[in-house]
Amino acid sequence: MQISGWLFDAYPCARGMVLWVLDEAGQMHSCTSAYHPVFYLTGPVQLLKQARDWFATTKIQLRTELIEKREFYSDDLVPALEIQVENPLHYIPLTQRVLRQVNELEPATCDIPLPQLFFIHTGMFPLCQLAVSLDGQGELQEFQVLDSPEDVNYPYPPLRTLKLRVEGENYNPGHSRNSSLIAEFDGREILLEEESILDEINRLLRNYDPHLVLTQWGDSFLIPKLLQLARQQQKRIAWDRGPQGMLKGLKGRSYFTYGKVVYVAPEIDFRGRWHIDQINSFIVHESGLEGLFELARLSKIPIQRIARVSTGTCISAMQLEVAIRENYLVPYRKHQAEEFKTAEELLIIDKGGLTYQPILGLHEDVAEMDFASMYPTIMTQFNLSPETLNCLCCPDAARVPEAEYRICEKRIGLIPKTLKTILFKRMQYKQQKKYGPDAVSRAVADRKQSALKWLLVTCFGYLGYKNARFGKIEAHESTTAIGREILLRAKEYVEARGFQLIHALTDSLWIQKPGTPAGDYEKLGEELSVAMGIPISFEGLFRWINFVPSRQNPEKPVPNRYFGIYENGELKLRGIEARRSDSPRYIQKVQKQMLEVLKECRTVGDCRQRIPFLLGLLAAALDQLKSGQVPFQELVVNRRLSQDPLTYEKANISAIASQQLLSQGIQLAPGERVQLVYLNSQARIPTERVRAYSLLDGSCSYDVSKYSELLLKATEALLFHFGWTVEKLAGTLKHGNPKTQSREGSWGSLSWPRPS
DNA sequence: AAAGTACGGGG
DNA sequence: GTGTACGTACTTT
């Protein structure tokens, strides 16, 4: 039998791998492919021979062979024992046992998930186009992969999608009393009745037969709840095609990444059908399904798995593949300790990106110039990789500035090789995003390029992690050292051409020269790219940009608190309330309302003229707060827990709200979010200060003065430059009649405009 | 005043 | 089965 279509899923079974193929007509086919995965041991030949004898005595069916493979760091050919396991289901137990037992031998290529190993071995990848021929038992005889992970214009399969979500606000439904389930499919939306919910879902699965069940809160709440209901009613839900799959565990994972704790709920996979929980997937959240598919194709991680992993795992998977393809042994875990450095050297090296202090206040006609993918480009162009830094083969190689490390001149590093593919694909997607034929294809290209952007960001961070498989702190330090050097040179270059530096941050410059047209900045970008050797682009010209001072010390600028308006009318906000995810929606709304007014101003003078109107907006918003008319949803503070609710030392709002939920039997893990409303922020008894959003009842009323204060602060952020502080705003509004400093001009008896 | 906790950045 | 920076804002004690 011949089948052609998209490779939908793959997972191990006793005879090899189960493959699911989705054809053009939307029909799903499964087959098995023989597969016998291998791993390696390295070390002295004598010991390898002993190990070979030991393997001969185990009951597990396998085949061993003494061969030679390349050692990753030295690039030398070394003796290795290849162990091929007959039954893939024996692979993990055996490698685990070997890992526990060996001490003088070094295991290699032994901890890579089997679907990935299979994909690398066969050249298949998730969603590749595949033609297979099967025998009568559904066993794969021949196959052909018809496209490549490097393609940028690949077709998607025709997917029937069933969306499931809980009605109402999109906060964790596990925090509140149950509400109704909504199913969306085929352009229809239906409310599932509670009494017949299991039958209705089974009917949907049978009749509509979705390929993808796309949920919100499916992993953490929705699917477990339905499975629990099914157990109670002794029914089965037909999520899986064929035999039922296994749950991956009951507890989620909390881990620390990029300065914060994240929580990933346990993965619930289906067989012959995908389950993707949008809420539980960083990649889907950031880059949509197209971003997810893009990363699955590149990293060769199956769809349901990749939906729950970090982009670090993706980039790591891609590096693994490059290493395996080039016949390297993949190190089990990092061998090397960080090379010795003196305290003085550490001080020089251990700095991140270069940060300047912006010139405080409002500036007109400021251009922003950004280096595109600065760190990945540096890593690629300077050949920065764990095995190229201070290699043994090039003692006289050129040195990295400041750090004085050497970079290999003989071998192109694993990291640059991996990055090259990504940078090239991303560049093409950015072109498609700009020049695509229609809005839909431009949006898809944007999601694909955004997924790749995250790979690039993580690739740099990953180099600096001490236990990364392919990490080396010296490569990380070299990247930032070169980055600082380049930014510094760029600064000097523009200053020499008469531009004033307003601000600079890692890979961006804000510069000013009155009367310079946008076209000149475009040209400057091109010149700079040539001079610096890495691409820098003109991001846009600000009509005006306002760098907000530090709250602790109003004399002091901070690098990441500013707002401005580009020539094209687009706003750019950083660090202010409207941009922060923990600001209540009401505060965000009012600040955005004010920004919408400022957006229409072409000059600083125009901004000043609009101040009375902004004060009117503020007064109206304060009145509305005072009247008690603002709905609770608008006042919710959304926070991410950094730890277990019971381990908090201080009674801060996150601790209080999460403990309130705990007392109702709702357990939150580190990294999960909690929603709360201020009730009486000054209360002596902590639990009276705030209330978890899902526990609010009719007796509650919000803390007017707390929210008023937040509004005043949000207004101050916008108007500080014009002399309006929280105190002055409060004083002025209390008297109902704005008193202004003489230097601001007077509009004493102007009536307040009240927005409708 | 010191210490605890949380957020942004990347596009 | 990830990839634990770093500076600022704000709160609690």
Side-chain angles (χ1 to χ4, degrees), chain A residues 111-113 116 248-249 253-262 264 267 282 286-287 291 301 305-306 308-317 333-334 350-353 355 357 370 372-376 426 429-430 433 446-447 449-471 473 476 480 505-508 539 548-553 556-561 572-577 579-583 637-643 647-656 670 673-674 681-682 684 686 689-690 706 709-710 713 717:
Chain A
D111 56 348
I112 298 160
Q116 274 165 259
K248 290 250 161 119
R253 327 186 299 271
S254 299
Y255 60 88
F256 199 91
T257 172
Y258 287 89
K260 70 181 178 202
V261 181
V262 297
V264 180
E267 173 176 344
F282 174 83
E286 289 294 322
S287 314
I301 298 172
R305 186 83 267 275
I306 201 170
R308 280 89 177 172
V309 303
S310 77
T311 46
T313 305
C314 299
I315 192 82
S316 173
R333 59 167 173 258
K334 226 189 108 162
D350 193 24
K351 291 183 287 189
T355 306
Q357 303 279 40
D370 290 347
S373 306
M374 186 196 233
Y375 287 160
R426 177 147 186 255
Y429 288 141
K430 279 179 138 179
K433 178 192 167 187
D446 189 30
R447 288 196 279 277
Q449 74 81 21
S450 139
L452 299 185
K453 176 208 67 185
W454 281 108
L455 286 189
L456 298 177
V457 169
T458 334
C459 186
F460 162 69
Y462 177 83
L463 263 187
Y465 177 51
K466 65 179 183 304
N467 292 321
R469 206 194 287 270
F470 296 113
I473 193 68
H476 187 269
T480 55
L505 189 62
T506 311
D507 56 0
S508 307
E539 181 70 15
V548 181
S550 159
R551 277 244 168 82
Q552 328 273 288
N553 175 3
K556 199 183 133 201
V558 291
N560 254 320
R561 239 164 99 79
K572 177 152 183 171
L573 316 177
R574 288 296 179 270
I576 63 173
E577 287 77 359
R579 175 89 185 176
R580 290 180 63 102
S581 69
D582 64 341
S583 307
V637 176
N638 194 345
R639 297 253 249 180
R640 186 194 291 277
L641 299 185
S642 64
Q643 51 189 290
T647 63
Y648 279 97
E649 292 179 31
K650 300 271 168 81
N652 66 49
I653 55 175
S654 305
I656 298 167
R673 288 183 167 279
V674 62
S681 66
Q682 300 296 312
R684 211 176 46 80
R689 292 174 195 160
V690 299
K706 178 69 188 178
E709 186 194 326
L710 292 177
K713 282 181 177 166

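Below, chain A is the first sequence line, B the second, and so on; all start at residue 1. Side chains included, hydrogens not; waters and symmetry mates left out as well; all remaining heavy atoms used.
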- Message: Does any part of the side chain of A/D370, heavy atoms only, come nearer than 4.5 Å to the side chain of A/S508, both counted from C-beta?
- Response: yes
- Query: So what does A/D446 touch, heavy atoms closer than 4.0 Å: a base, only the sugar-phosphate, or nothing?
  - Reply: nothing
- From B/dG10, B/dC7, C/dG1, nucleotide with atom closest to A/W454 side chain: B/dG10
- Message: Can you identify which nucleotide, out of C/dA9, B/dG10, C/dC10, has its nearest atom closest to the A/V558 side chain?
- Response: C/dA9
- Task: Examine C/dT2: is either OP1 or OP2 under 4.0 Å from a nitrogen or oxygen in the side chain of A/R469? Give yes or no.
- Result: no
- Message: Rounded to whole Å, please give me the gap between OH in A/Y255 and C1' in C/dA5.
- Response: 17 Å
- Message: So, OP1 or OP2 of B/dT5: does either fall under 4.0 Å of a side-chain N or O from A/Q643?
- Response: yes
- Query: Looking across every strand, which nucleic acid part, if any, lies under 4.0 Å from A/S654 by heavy atom: base, sugar-phosphate, or nothing?
  - Reply: sugar-phosphate
- Message: Of the options C/dT12, B/dG8, B/dG11, whose atoms approach the side-chain atoms of A/S581 most closely?
- Response: B/dG8
- Write down the distance between OH (A/Y375) and P (C/dA5), rounded to a whole number of angstrom. 15 Å
- In terms of side-chain heavy atoms of A/R639, which of B/dG4, B/dC7, C/dT4 is nearest? B/dC7
- Message: Using a 3.5 Å distance criterion without hydrogens, assess whether the side chain of A/T506 forms a donor-acceptor pair with backbone atoms of A/G353.
- Response: no
- Output all residues satisfying salt bridge (charged side-chain N to carboxylate O under 4.0 Å, His left out) with A/K572, sequence neighbours left out; order by chain, then residue number. A/E368
- Message: Among B/dT5, B/dG10, C/dA9, which nucleotide has an atom closest to any side-chain atom of A/N652?
- Response: B/dT5
- Item | Between P of B/dG8 and CZ of A/R551, the distance in whole Å | 15 Å
- Task: Could you pull out all residues at least two apart from A/F282 that satisfy ring-ring contact (aromatic ring centres under 6.0 Å, His included)?
- Result: A/W454
- Using atom C1' of each nucleotide, how far apart are C/dC6 and B/dG9 to the nearest Å? 11 Å
- Message: Under 4.0 Å from OP1 or OP2 of B/dG9: is there any side-chain N or O of A/K572 that close?
- Response: no
- Query: So, A/R640 side chain and A/V674 main chain: donor-acceptor pair closer than 3.5 Å or not?
  - Reply: no
- Could you give the CD-to-P distance, from A/Q552 to B/dA2, as a whole number of Å? 14 Å
- Item | Rounded interatomic separation in angstrom, taking OH from A/Y462 and C1' from C/dA5 | 18 Å
- Within the structure shown, what part of the strands sits under 4.0 Å from A/R579 by heavy-atom distance: base, sugar-phosphate, or nothing? base
- Message: Rounded to whole Å, please give me the gap between CD1 in A/I576 and P in C/dC10.
- Response: 13 Å
- Task: With C1' as the reference atom in both, quote the distance from B/dG11 to C/dT4 in angstrom, rounded to an integer.
- Result: 24 Å
- Query: Which listed nucleotide (C/dT4, B/dG11, B/dG8) is nearest to the side chain of A/R580?
  - Reply: B/dG8
- Of all the choices, C/dT13, C/dT2, C/dC10, which nucleotide is nearest to the side chain of A/A651 once you look at every atom? C/dT13
- Output all residues satisfying ring-ring contact (aromatic ring centres under 6.0 Å, His included) with A/F460, sequence neighbours left out; order by chain, then residue number. A/Y375, A/H476
- Establish, with yes or no, whether the OP1 or OP2 oxygen of C/dT8 is under 4.0 angstrom from a side-chain nitrogen or oxygen of A/K556. yes
- Could you give the CG-to-P distance, from A/L641 to B/dT5, as a whole number of Å? 11 Å
- Message: Just to be sure I understand the rule, does A/R684 reach a base, reach only the sugar-phosphate, or reach nothing, if contact means heavy atoms closer than 4.0 Å?
- Response: nothing
- Query: Within the structure shown, what part of the strands sits under 4.0 Å from A/V261 by heavy-atom distance: base, sugar-phosphate, or nothing?
  - Reply: nothing
- Query: What does A/K433 touch in the nucleic acid at a heavy-atom separation under 4.0 angstrom: a base, only the sugar-phosphate, or nothing?
  - Reply: nothing
- Item | With sequence neighbours excluded, residues passing salt bridge (charged side-chain N to carboxylate O under 4.0 Å, His left out) with A/E539 | none
- List for me each residue that meets salt bridge (charged side-chain N to carboxylate O under 4.0 Å, His left out) alongside A/R639, sequence neighbours excluded, and say none if there are none. none
- Using atom CD of A/E649 as one end and atom P of C/dT13 as the other, report the distance to the nearest whole Å. 11 Å
- Listed nucleotide nearest any side-chain atom of A/S550, set B/dG9, C/dT8, C/dA9: C/dA9
- Task: Describe the nucleic acid contact of A/G312 in one word from base, sugar-phosphate, nothing, applying a heavy-atom distance below 4.0 Å.
- Result: base
- Note on the structure: Taking C/dT11, B/dG8, B/dG9 as options, the one with an atom nearest any side-chain atom of A/K713 is C/dT11
- Query: Do the side chains of A/D111 and A/R469 get nearer than 4.5 Å, heavy atoms only?
  - Reply: yes
- If you look at every strand shown and take non-hydrogen atoms under 4.0 Å, does A/R689 touch a base, only sugar-phosphate, or nothing? sugar-phosphate
- Output the single nucleotide from B/dT5, B/dG11, C/dT12 whose closest atom is nearest the side chain of A/D507. B/dG11
- Note on the structure: Between the CG atom in A/L455 and the CZ atom in A/R426, the distance rounded to the nearest 0.5 Å is 10.0 Å
- All stems with DNA chain C, defined as three or more consecutive Watson-Crick or G-U pairs under 3.5 Å: B:1-8 with C:6-13
- A/R574 side-chain N/O to B/dG10 phosphate OP1/OP2 under 4.0 Å: yes
